[in-house]
Amino acid sequence: MKEYSSDQIRNVAVVSHDGAGKTALVESLLLTSGAVDFVGKGQDNKHIMDFEPEEIKRNVTIQLGMAPCEWHDHKVNFIDTPGYNEFHGEVRAALRACDGMLMVLSATTGVETDTVRAWDYAVELQMPRMAFINKMDVDGADFFGTIERMRELFGKAIMPLQIPIGEGANFEGVIDVAKMTAFTYKDGQPTEIAVPAHLIEKAQEIREMTVEAAAEGSDELLEKYLEGEELSLEEIRQGLREGMISGRVCPIMCGSATSRIGLDQVLDRMIRYMPDAAKKVMTAVEAGADEPVVVHVDKPLTAFVFKTLLDPFAGKQSFVRIFSGELKEGDRLFNVNQGTEEKWSKMVTLIGKQQIPVSAAKAGDIVVIPKLANAKTGDTLTTPDFKVKYDPIRFPQPLYTVALEPTKKGEEEKLAGAVLKVAEEDPTCVVVKNPEARQLQIDCMGEVHLEHILNKIDRKYGVQAKLVKPYIPYRETIKGSAETESKYKKQSGGHGQYGHVKIQVDPLFDGQEFAFVDKIFGGAVPKQYIPAVEKGAKETLDKGLIAGYPMIGVQVTLLDGSYHTVDSSELAFKVATSQAIKDVIPKAKPVLLEPIYEVNVFAPDAFMGDIMGDLNSRRGRVLGMEQSERTGISVVKAQVPLAEMSDYVTVLRSMTQGQGVFNRQFYSYEEVPHKQADEIIAAFQEQE
């Protein structure tokens, strides 16, 4: 593959809902361009892009893959992404590396949940997008019905550049409405024909919409159009390109990936309408100074790691988008995030898992650099003399929390190491670091994502894991005041032990977890032993008194005590205080607290009743409902106990047909109802 300048490079993220034929389209585009000689079909599991064992087993894409091809003296870097929503983090990584999005829709199922989600994220990133309506040769295909639904959801930006010749078994080609020419296909090869007579009127109707959209691309074209002058084909294309780059126009094409109908025209329009990498402008910050820096392609080398793959045998692969400058073998690479220079020896491009060596890559290109020791997803690589840093990728929040134990005893460290390696590859798998829990917890995207993680640690790192109930960080506190005294006295030859304290406990209402007050007068307890009293109280409260959870919101006051000039010691006063705490807490109305989270649930209006009913069943407090920014989508605000949220990702997805999402953040601790508290305390006492 020859070297291309920035203006000859197109970087395109290919996205869809699961099952729309996105990967089949990418592979057929590679075949059409001559990048590969053969592609699999349907369920034969001979796909170029989906080569991981889990992908082959499920016949779905799980992780992004890159596939460059050459077409009419240009290079197109396709990034194929997963369609299933639990792997949506890969979509966000791909969009960060690309300059445009190709949305793939099925002509039989139309606009689906993850199509909408990808559209919204592209809008957020102000990313140009076009769409391909696939499976036009399948029974039930409905091109115009899909277009109508897209316009309902996405507005008048939706602009067909083609209409199909037939649908389902009768589908044989496409009409280019701008040129008013038609093409039929055999074995992927087009033959130009006259527009069928029965489709001329419809094609002219769509053409008028296209010309109007193109005219709005510039004041000059609009003036010409309003004066009744005919726009030339080049003017139409110019207007559509400007409209697409500004986000006002989303060109729509149609065809069949498996029958290879219309694919040459998809490649043509990639070159014609997708932004060229030479015009990419990024904003970075100067390392150490946080001063904004505008980065054009002609600046010194900057690059961004948008994906990391780890293999126990092949090592690490870092997927890198070059935003400025040029990278050549032998150049120095500085990792700004890690503050270290990276050693590297080669770079490659990939078609699926096939590696193709690359000796140099210009701004705009995407390459893979093997064995970068320090690089992680989200890191910025630069020359040592131009240290700037790009913002990290905003990945979706993983909200499905599970705890893992190795199936075989003694493999705890092996399991932890394997999970950390998976988390390095996949930022939506987050290892929860909570020493209090004394268990390995991870946050992931859902049950399918979890299954993929478990399969990966078994296949790649040889360790099997089982699920255990995740630790809930309950707390204990007191609602009343009480006092007691305790004397620790021990004689065992030589010096003995003597400590005597009188203490009082009171609840704290100012948010403090612990407070200690010294009210000793006259030296009843010498000053050198006061810290031991405080330490004894804090350590005993931290271990919990009723269910083994740390006790918070307690003030301990040292009222009085006594000491022995010979036998008293720090240890004696610490033990005496511990005994006093254990004695006094049951008298101070101890209760169990649970973490409460603020939850925002976003879903279509039709599901609001079910959502609020479900939240109430989880002991949640529904605070209200309001409209979100998207028409037809509302947000329910609630406060819900963490203990009731373990399966909420799965239940919400099922309840809303995959359209509901939520976020959460810690709100406060509140008292556990008596029934649940008794069960938790009883379970603790059984373990004692």
Side-chain angles (χ1 to χ4, degrees), residues 54 62-64 81-82 84-96 117 121 304-310 316 318-319 337-338 374-379 391-406 412-461 463 465-473 595 597-601 640 642-643 645-653 661-667:
E54 287 87 0
I62 289 176
Q63 62 188 25
L64 66 80
T81 66
Y84 194 69
N85 55 16
E86 290 189 17
F87 303 103
H88 197 67
E90 299 286 301
V91 177
R92 296 197 178 192
L95 293 181
R96 184 59 180 275
R117 190 169 288 130
Y121 194 49
F304 184 79
V305 181
F306 66 93
K307 174 67 179 173
T308 302
L309 286 181
L310 298 179
K316 181 192 291 187
S318 299
F319 288 63
N337 296 72
Q338 308 302 327
N374 305 301
K376 297 179 180 178
T377 300
D379 284 357
D391 288 339
I393 301 166
R394 188 177 65 82
F395 286 102
Q397 184 183 10
L399 296 167
Y400 188 68
T401 302
V402 298
L404 303 178
E405 285 183 358
E412 286 79 10
E413 287 189 13
K414 186 177 181 181
L415 174 60
V419 171
L420 285 169
K421 286 186 173 70
V422 171
E424 185 176 350
E425 286 187 281
D426 181 0
T428 60
C429 171
V430 177
V431 179
V432 181
K433 296 178 180 178
N434 182 0
E436 178 190 327
R438 296 182 183 176
Q439 63 179 196
L440 179 61
Q441 290 187 354
I442 62 170
D443 289 342
C444 59
M445 298 298 291
E447 292 176 341
V448 176
H449 189 206
L450 173 63
E451 184 180 344
H452 168 63
I453 292 167
L454 295 178
N455 287 335
K456 182 177 282 190
I457 61 177
D458 183 12
R459 175 173 55 86
K460 282 191 170 185
Y461 305 106
V463 57
K466 60 182 179 181
L467 300 181
V468 294
K469 190 175 181 179
Y471 177 86
I472 302 295
Y597 275 68
E598 287 184 336
V599 177
N600 298 310
V601 186
V640 189
L642 178 62
M645 296 289 291
S646 60
D647 64 344
Y648 194 62
V649 170
T650 305
V651 171
L652 179 64
R653 193 171 288 145
V661 296
F662 75 102
N663 58 49
R664 72 182 187 203
Q665 64 178 6
F666 175 75
Y667 173 65

Taking all heavy atoms of [X] and all of [Y], pick out the closest pair and write down the distance.
X: Ala403; Y: Pro470; value: CB-CA, 3.9 Å
X: Cys429; Y: Ala423; value: O-CB, 3.2 Å
X: Val649; Y: Tyr400; value: CG2-N, 4.0 Å
X: Glu425; Y: Lys307; value: O-NZ, 3.4 Å
X: Glu424; Y: Thr308; value: O-CB, 4.0 Å
X: Asn85; Y: Arg117; value: CB-NH1, 3.3 Å

| request: Flag yes if more than 12 heavy atoms outside Glu436 fall under 6.0 Å of its CD atom; otherwise flag no. | output: yes
| said: Could you check whether atom NZ of Lys460 has more than 12 heavy atoms from other residues, nucleotides or ligands sitting under 6.0 Å from it? | reply: yes
To the nearest 0.5 Å, what is the distance between [atom1] on [X] and [atom2] on [Y]?
X: Lys456; Y: Lys421; atom1: NZ; atom2: NZ; answer: 13.0 Å
X: Asn374; Y: Asn337; atom1: CG; atom2: CG; answer: 11.0 Å
X: Met645; Y: Phe662; atom1: CE; atom2: CZ; answer: 4.5 Å
X: Phe395; Y: Arg96; atom1: CZ; atom2: CZ; answer: 9.0 Å
X: Arg394; Y: Arg92; atom1: CZ; atom2: CZ; answer: 4.5 Å
X: Thr650; Y: Leu399; atom1: OG1; atom2: CG; answer: 11.0 Å

Donor-acceptor contact present, side-chain [X] to main-chain [Y], <3.5 Å:
X: Asn455; Y: Glu451; answer: yes
X: Gln441; Y: Val432; answer: no
X: Glu90; Y: Pro82; answer: no
X: Lys316; Y: Ala375; answer: yes

| request: Under the side chain to side chain donor-acceptor pair (under 3.5 Å) rule, collect the residues that match up with Gln665, sequence neighbours excluded. | output: Glu598
| Does the pair Leu642 and Thr401 meet the rule for a side-chain contact (heavy atoms from CB on, under 4.5 Å), with working shown? | CA-CA 10 Å; Leu642 178 62; Thr401 302; over 6 Å; no
| query | Under a 4.0 Å N-O cut-off, is there an ion pair linking Arg653 with Glu447? | reply | no
| task | Show your working on side-chain contact (heavy atoms from CB on, under 4.5 Å) between Ile442 and Val430 and close with a plain yes or no. | result | CA-CA 5 Å; Ile442 62 170; Val430 177; over 6 Å; no
| task | Identify which one of Val468, Val431, Leu420 satisfies the side chain to side chain contact (heavy atoms under 4.5 Å, CB included) criterion when paired with Leu440. | result | Val431
| Strictly under 6.0 Å, is that where the ring centroids of Phe666 and Tyr597 end up? | yes
| said: Distance to the ring centre below 6.0 angstrom and angle to the axis at most 45 degrees; does that hold for Arg438 and Tyr471? | reply: no
| task | Could you check His449 against Asp426 for side chain to side chain donor-acceptor pair (under 3.5 Å), going step by step and ending with a plain yes or no? | result | CA-CA 10 Å; His449 189 206; Asp426 181 0; 2.6 Å; yes
| query | Side-chain contact, heavy-atom cut-off 4.5 Å: Ile453 with Cys444? | reply | yes
| Minimum side-chain heavy-atom gap Thr428-His88 below 4.5 Å | no
| Candidate pair Phe306 and Leu64, rule side-chain contact (heavy atoms from CB on, under 4.5 Å), full reasoning | CA-CA 10 Å; Phe306 66 93; Leu64 66 80; 4.1 Å; yes
| message | Can you tell me how the ring of Phe87 sits relative to the ring of Tyr84, calling it parallel under 30°, perpendicular over 60° and tilted otherwise? | response | tilted
| Between Thr81 and Leu95, does a side-chain contact (heavy atoms from CB on, under 4.5 Å) hold up when you go through it step by step? | CA-CA 9 Å; Thr81 66; Leu95 293 181; over 6 Å; no
| said: Tell me every residue that passes side-chain contact (heavy atoms from CB on, under 4.5 Å) with Val651, counting only those two or more places apart in sequence or in another chain. | reply: Asp614, Arg618, Asp647, Met655
